[in-house]
Protein chains: 2
Amino acid sequence: MAVQVLTVLAYKAGEPVTSTLLAASVNTNPVVIRRLLLVLQTAGFVETRKGASVGSRLCQPPQRIDLAQIYRAVETAEPFKLPQRSMDHPCAVGHCIQAALIQVFAATETALERELAKTNLAHILALVEKSCGQSRQRPH
Amino acid sequence: MAVQVLTVLAYKAGEPVTSTLLAASVNTNPVVIRRLLLVLQTAGFVETRKGASVGSRLCQPPQRIDLAQIYRAVETAEPFKLPQRSMDHPCAVGHCIQAALIQVFAATETALERELAKTNLAHILALVEKSCGQSRQRPH
DNA sequence: AAATATGCAACTTTTGAGGTTACATTTAAC
DNA sequence: GTTAAATGTAACCTCAAAAGTTGCATATTT
């Protein structure tokens, strides 16, 4: 969802967009969008201003925002993490396996992020424009 | 969890293990393990027999089972999938963006699987044995 | 001053994974 | 054969995380 919102903002190319409009584009609730925007603000991707007829806009060029950054900013629950087993009955094998898997999964995580870093918002924007052949800067 | 169970089975090197024992090792419930074993059976990783004093064992060498296969067999909800937005109010931009993101995420998925395919159970087993210096084949 | 947007708190809803219980069925072992 | 031990499976519960909802204070443009 974060990627989708950022893509819309990139599409609007600096023009501020309200959370209501973004919500309509992603087909969800404005408050959900605002919560997301807070995260994207602290990550330094967007700038938001309060007040009438304003909203949020990208504060970095789309080329400088890649998927790995977005992933790190947004992700809460890592896809490759072991469920925190309580190990009350400390089976040695189980314990060692956990330690080993943590290593493996950490490696997978970094590989994933390296992969995500290859794509940035500009790439995605190009894809969007190509795939539906619409002109830039024409809102809605 | 699937990886953990399969690692234990690999550790036992063909010796059948009951779901109760596996559950103890992962610190969970036997039924959960059995549910997982059904999936691993249809994926062709393990063989299970009913009856007294038997259980499950690997039916492939650990070298031939890699993390990508396990991932595909087990995973239900893809980490990089768009939430199925209903698009009742068909905003053209939103629609195109979704189409583009599907492409991007599919590419990420395949990259992830390519990465996971680099590690197999034998690798993990070696890590386990190295990291806690225990001899093979000594159960528990 | 009024209209419009965000910030934020509190609550509900939804969804999926995991856990639990219970029981029929199968099979090795005695 | 009988029995003990194991799986297969259904039906439920629990729990956490994400999303959605409502309401209102606050800020800012016009």
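Proteins come first, then strands; the chains are lettered A, B, ... in the order of their sequence lines, and each starts at number 1. The figures here come from the full heavy-atom set of this structure, side chains too, leaving out hydrogens, waters and symmetry mates.
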Using nucleotides 15-18 of chain D, report all nitrogen or oxygen pairs with the protein that are shorter than 3.5 Å.
residue, atom, partner, partner atom, Å
dA18(D), OP1, Thr76(A), OG1, 2.2

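- Between the NZ atom of Lys50(B) and the C1' atom of dA5(D) there is a distance of 13 Å, given to the nearest Å.
- For Thr119(B), the side chain to side chain contact (heavy atoms under 4.5 Å, CB included) partners two or more places apart in sequence, or in a different chain, are Val104(A), Leu67(B), His123(B), Ile124(B).
- Leu22(B) has its CG atom 14 Å from the P atom of dG19(C), to the nearest Å.
- Put simply, CG on Leu36(B) is 13 Å from P on dT7(D), counting in whole angstrom units.
- Within 4.0 Å of Arg49(A), counting heavy atoms only, lie sugar-phosphate atoms of the nucleic acid but no base atom.
- Looking at the side chain of Val32(B), the nearest of the listed nucleotides dA5(D), dG19(C), dT7(D) is dG19(C).
- Using a 4.5 Å heavy-atom threshold, the side chains of Leu116(B) and Leu112(B) count as touching.
- A sub-4.0 Å separation between OP1 or OP2 of dG8(D) and a side-chain N or O of Gln41(B) is present.
- The CG-P distance, from Leu37(A) to dA19(D), rounds to 13 Å in whole Å.
- Atom P of nucleotide dG18(C) and atom CD1 of Ile33(B) are separated by 10 Å, given to the nearest angstrom.
- Of the possible polar contacts, one joining the Gln69(A) side chain to the Asp66(A) backbone as a donor-acceptor pair under 3.5 Å is found.
- Residue contacts for Leu38(B): at a heavy-atom cut-off of 4.0 Å it reaches the sugar-phosphate backbone alone, with no base atom in range.
- Judged by distance alone, the side chain of Gln103(A) and the main-chain N or O of Ala100(A) form no donor-acceptor pair under 3.5 Å.
- Separating the CZ atom of Arg57(B) from the P atom of dA28(C) is a distance of 12 Å, rounded to the nearest angstrom.
- Contact annotation: Asn29(A) does not reach the phosphate of dA19(D) (side-chain N/O to OP1 or OP2, under 4.0 Å).
- Here the side chains of Leu22(A) and Leu9(A) are in contact, with some heavy-atom distance below 4.5 Å.
- Of the candidates dG19(C), dT21(D), dA6(D), dA6(D) carries the atom nearest the Thr18(B) side chain, counting heavy atoms from C-beta on.
- Thr28(B) has a side-chain polar atom (N or O) that falls below the 4.0 Å cut-off from OP1 or OP2 of dG19(C).
- Across dG8(D), dG18(C), dG23(D), the shortest atom-to-atom separation from the side chain of Val31(A) is found for dG23(D).
- Atoms CG (Leu40(A)) and P (dT6(C)) sit 14 Å apart, rounded to a whole Å.
- Where pairing requires Watson-Crick or G-U contacts shorter than 3.5 Å, the helical stems of DNA chain C with at least three consecutive pairs are C:1-30 with D:1-30.
- Spacing between atom CZ of Arg34(A) and atom C1' of dT21(D) amounts to 12 Å, rounded to whole angstrom units.
- Proximity of Ser19(A) to the phosphate of dT6(C): a side-chain N or O atom is located under 4.0 Å from OP1 or OP2.
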